[in-house]
Trainee: 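Could you have a look at this structure, given as structure tokens, before my questions?
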Amino acid sequence: MDWAEKLPQQCPPAEATQPNNTAYYRYVATIPLCEADFHSHRKLFPLKKFGVDECTANSLSVFSNPEKIKDWSKLPNFKGKKLIEIVLPPESGVVIKSGKENHYSWWRVKNFIPETHKLVAI
Amino acid sequence: MKRILIPKEVLIYVDGPELFVGNDQVGAHYICLLSETSDNFERYLCAPISTERLSNFNLGQIDLLDIITAPETGELFTAIIRDSEASEIPLHLIDIADVSSAWLPEKGFFFVKEDLPGELVVQESCAKNKGIVHLALNPPEARGDDTKIDIMTLADSSKIFQNLVKFAYKKSLSGLKPDLRKKYESADNYELEAYACSNGSFKLHLQSKLNADLSGYAELFRAMTKIDELMQLAEDPEKAIEVLKLNKGHLIGAFKKFLALIIEKNVPLYYEWTTPQHRKSFRKSITKETAKPLYELLLDTKELDIEQKEFIGEVTKVDIEAGQWTIINEEDKKHYSGKLDADSPVSLSGITAGGIRYKFICEERIEEETVSGKEKTFYFLISHQPA
């Protein structure tokens, strides 16, 4: 796969799988969606090392349960952002469940921006 | 006192840590909230918090706004993360009155820390923030009402398992570029510590020496997935040879000793492992009966034990009579010395010290000194040619 960002070696992990038109949830700054809504932490801060392995730093966080993250709109970093539902097809990249129960790491393929999305009421 | 924050546990992670708990250098807890992001830095507001108040916050009983604006000590700090390593972050005192409202959470944000799965190995992994392995040994003496194990069986099993983890970890790095491989080479990344034992065979509770990172990733993951890959072969030895060839060298040697232990001492073995990132356990088991076909396959294919190393560079010393040589390896700029095996058909004649680059293919052997137990590495030349 042609990844959206330059990934470290042995990344994504072999256990990551292609999503199967699965719904995930993410906070975004802009509607309509643009590339910048899907930049990893590593893309935004190329030199910062904050105690997270490089492969994870190059991934995007998406969530499987919007009820568990609706309240995050009260946090400073999410003020003004919208919670959306996106459906990830197999060609969007690979995902793996990681960390807390609801959290998935998504490695996105180049030029993939979800064509449609649904706004989640908060 | 200059306070230094050491991040310990992430409570909310979205592309990076949003809310986390850290300690300062005297062990005081802080809860830190991502409050401002710019092109050059991220600002966290950090409030000192007692253990009790943190527990209540994790139970959804305290508003995050109150934690930040009414800290127990009356002090609030900022931590600025710029483009640098952020393992220890200076904290700067800030007057609560000077805190911009844009940096604060809205009223009514309560956090409930998720319940962990019931498996003990997962609970321990998350509580300790380490990779955890529960290694259950079931030798004959452990099978009665009395949980016990012969001390030599315990010592041998522990050492053989640690060696298996060590070589599995090193093999997992072999695909990485040299500069990246060097970053992960430290023994701390694969060394284990025993912290408890429990009933149910004789079960050792082992933890990775190093903590997992803030995303819950622990380097132990590399080693254990490699070991799982080999253990899987016991279930289908017919298909094993290709996988074994891909892992040839010290790892196969260590795996062979592991299987020999199970067979010769009749120690059926079961392990489960996890890391804070995975939050579920991975399990494998093996008995004398399931180990035998794979072990016999390994005995028949002795060349799988041979760990080959390639050195490219100039030879600095060559002693044809003694069969000894030294080469500077260009990849890591280190000197490697070795010799010819007693019955080796290879000759050092024609090799010149200085001026010509050579490619040496060597067998690496690791031997343990009898008294000290220290390991020494030896290189035996298999072939050479100008590079």
Trainee: Quick check on Lys107(B) against chain A: is it the side chain, the backbone, both or neither that has a heavy atom closer than 4.5 Å?
Mentor: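 Answer is backbone: N, CA, C or O of Lys107(B) sit under 4.5 Å from chain A.
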
Trainee: Rounded to the nearest 0.5 Å, how far does CD of Glu54(A) lie from OG of Ser215(B)?
Mentor: 10.5 Å

Trainee: Of the non-hydrogen atoms in Asp213(B) and Val52(A), which two are nearest, and what is the gap between them?
Mentor: OD2-C, 3.3 Å

Trainee: Between Lys79(A) and Leu104(B), is there a donor-acceptor pair closer than 3.5 Å when you use the side chain of the first and the backbone of the second?
Mentor: yes

Trainee: So which heavy atom on Asp71(A) is nearest to which on Gly108(B), and how close?
Mentor: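 Closest approach of Asp71(A) to Gly108(B), heavy atoms only: OD2-O, 3.8 Å.
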
Trainee: For the pair Lys97(A) and Arg279(B), evaluate side chain to side chain contact (heavy atoms under 4.5 Å, CB included) and give the outcome as yes or no after the intermediate values.
Mentor: CA-CA 10 Å; Lys97(A) 192 156 166 297; Arg279(B) 295 180 174 238; 5.9 Å; no

Trainee: A side-chain contact here means heavy atoms from C-beta on lying under 4.5 Å apart; do Glu42(B) and Asn77(A) qualify?
Mentor: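 Of all side-chain heavy-atom pairs linking Asn77(A) with Glu42(B), none is under 4.5 Å.
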
Trainee: Which pair of heavy atoms, one from Lys177(B) and one from Gln9(A), lies closest together, and at what distance?
Mentor: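 Looking at all heavy atoms of both residues, the closest pair is N-OE1, 2.5 Å.
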
Trainee: Under 3.5 Å, is there a donor on one side chain and an acceptor on the other for His278(B) and Glu15(A)?
Mentor: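 Per modelled atom types, His278(B) and Glu15(A) side chains form no pair under 3.5 Å.
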
Trainee: List the atom of Asp15(B), the atom of Arg26(A), and the distance in Å for their closest heavy-atom pair.
Mentor: OD2-NH2, 2.8 Å

Trainee: Examine whether an atom of Val10(B) lies under 4.5 Å from a heavy atom of chain A, and if so say whether it belongs to the side chain, the backbone or both; otherwise answer neither.
Mentor: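 Backbone of Val10(B) only, per the 4.5 Å heavy-atom cut-off to chain A.
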
Trainee: Leu34(B) versus chain A, heavy atoms under 4.5 Å apart: side chain, backbone, both or neither?
Mentor: both

Trainee: Working to the nearest 0.5 Å, report the span between NZ of Lys68(A) and CD1 of Ile12(B).
Mentor: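 Output value for this atom pair is 12.5 Å.
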
Trainee: Report which part of Phe111(B) has an atom under 4.5 Å of a heavy atom belonging to chain A: side chain, backbone, both, or neither.
Mentor: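 Neither the backbone nor the side chain of Phe111(B) comes within 4.5 Å of chain A.
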
Trainee: Side chain, backbone, both or neither: which part of Ser40(A) has a non-hydrogen atom closer than 4.5 Å to chain B?
Mentor: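 For Ser40(A), there is no contact with chain B at all, as no heavy atom is under 4.5 Å.
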
Trainee: Does atom NZ of Lys81(A) have more than 12 heavy-atom neighbours from other groups under 6.0 Å away?
Mentor: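 Atom NZ in Lys81(A) is packed in, count exceeds 12.
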
Trainee: Apply the test side chain to side chain contact (heavy atoms under 4.5 Å, CB included) to residues Leu19(B) and Trp72(A): give CA-CA distance (whole Å), side-chain angles for both, the deciding distance (0.1 Å), then the verdict.
Mentor: CA-CA 11 Å; Leu19(B) 185 70; Trp72(A) 294 0; over 6 Å; no

Trainee: List the steps, then state whether side chain to side chain contact (heavy atoms under 4.5 Å, CB included) holds for Leu75(A) with Leu33(B).
Mentor: CA-CA 8 Å; Leu75(A) 298 178; Leu33(B) 171 67; 4.0 Å; yes

Trainee: From Lys74(A) NZ over to Leu64(B) CG, what is the distance, rounded to the nearest 0.5 angstrom?
Mentor: 11.0 Å

Trainee: Please classify the contact of Ser38(B) with chain A as side chain, backbone, both or neither, using a heavy-atom distance under 4.5 Å.
Mentor: backbone

Trainee: Pick one of side chain, backbone, both or neither for Ser73(A), based on which atoms fall under 4.5 Å of a heavy atom in chain B.
Mentor: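 Interface part for Ser73(A): backbone (N, CA, C, O).
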
Trainee: Could you tell me which portion of Leu176(B) (side chain, backbone, both or neither) has an atom closer than 4.5 angstrom to a non-hydrogen atom of chain A?
Mentor: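 Looking at Leu176(B), backbone and side chain both touch chain A.
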
Trainee: Of the backbone (N, CA, C, O) and the side chain (C-beta and beyond), which part of Leu65(B) lies under 4.5 Å from a heavy atom of chain A, both, or neither?
Mentor: neither

Trainee: Taking the side chain as every heavy atom from C-beta outward, state whether Asp53(A) and Phe221(B) have any atom pair closer than 4.5 Å.
Mentor: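 Not in contact.
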
Trainee: Using 0.5 Å steps for rounding, measure from the CD atom of Gln277(B) to the OG atom of Ser105(A).
Mentor: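 The CD atom of Gln277(B) sits 6.5 Å away from the OG atom of Ser105(A).
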
Trainee: Could you look at Tyr184(B) and say if it's the side chain, the backbone, both or neither that has a heavy atom under 4.5 Å from chain A?
Mentor: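 Contact with chain A is absent: no heavy atom of Tyr184(B) under 4.5 Å.
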
Trainee: With respect to chain A, which residue among Cys126(B), Gly216(B), Ala102(B), Pro276(B) yields the maximal number of heavy-atom pairs within a distance under 4.5 Å?
Mentor: Ala102(B)

Trainee: Check whether Thr275(B) gets within reach of chain A through its side chain, its backbone, both or neither, counting any heavy atom under 4.5 Å.
Mentor: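 For Thr275(B), no heavy atom lies under 4.5 Å from chain A.
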
Trainee: Should the heavy atoms of other residues, nucleotides or ligands under 6.0 Å from NZ of Lys182(B) be counted, would the total exceed 12?
Mentor: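 Count not over threshold, so no.
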
Trainee: What pair of heavy atoms forms the shortest contact from Tyr13(B) to Phe63(A), and how long is it?
Mentor: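 Reported closest heavy-atom pair: O-CZ, 3.5 Å.
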
Trainee: For Tyr27(A), which atoms come within 4.5 Å of any heavy atom of chain B: side chain, backbone, both, or neither?
Mentor: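 Neither part; nothing is under 4.5 Å.
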
Trainee: With rounding to the nearest 0.5 Å, note down the distance linking SG in Cys55(A) to OH in Tyr217(B).
Mentor: 8.5 Å

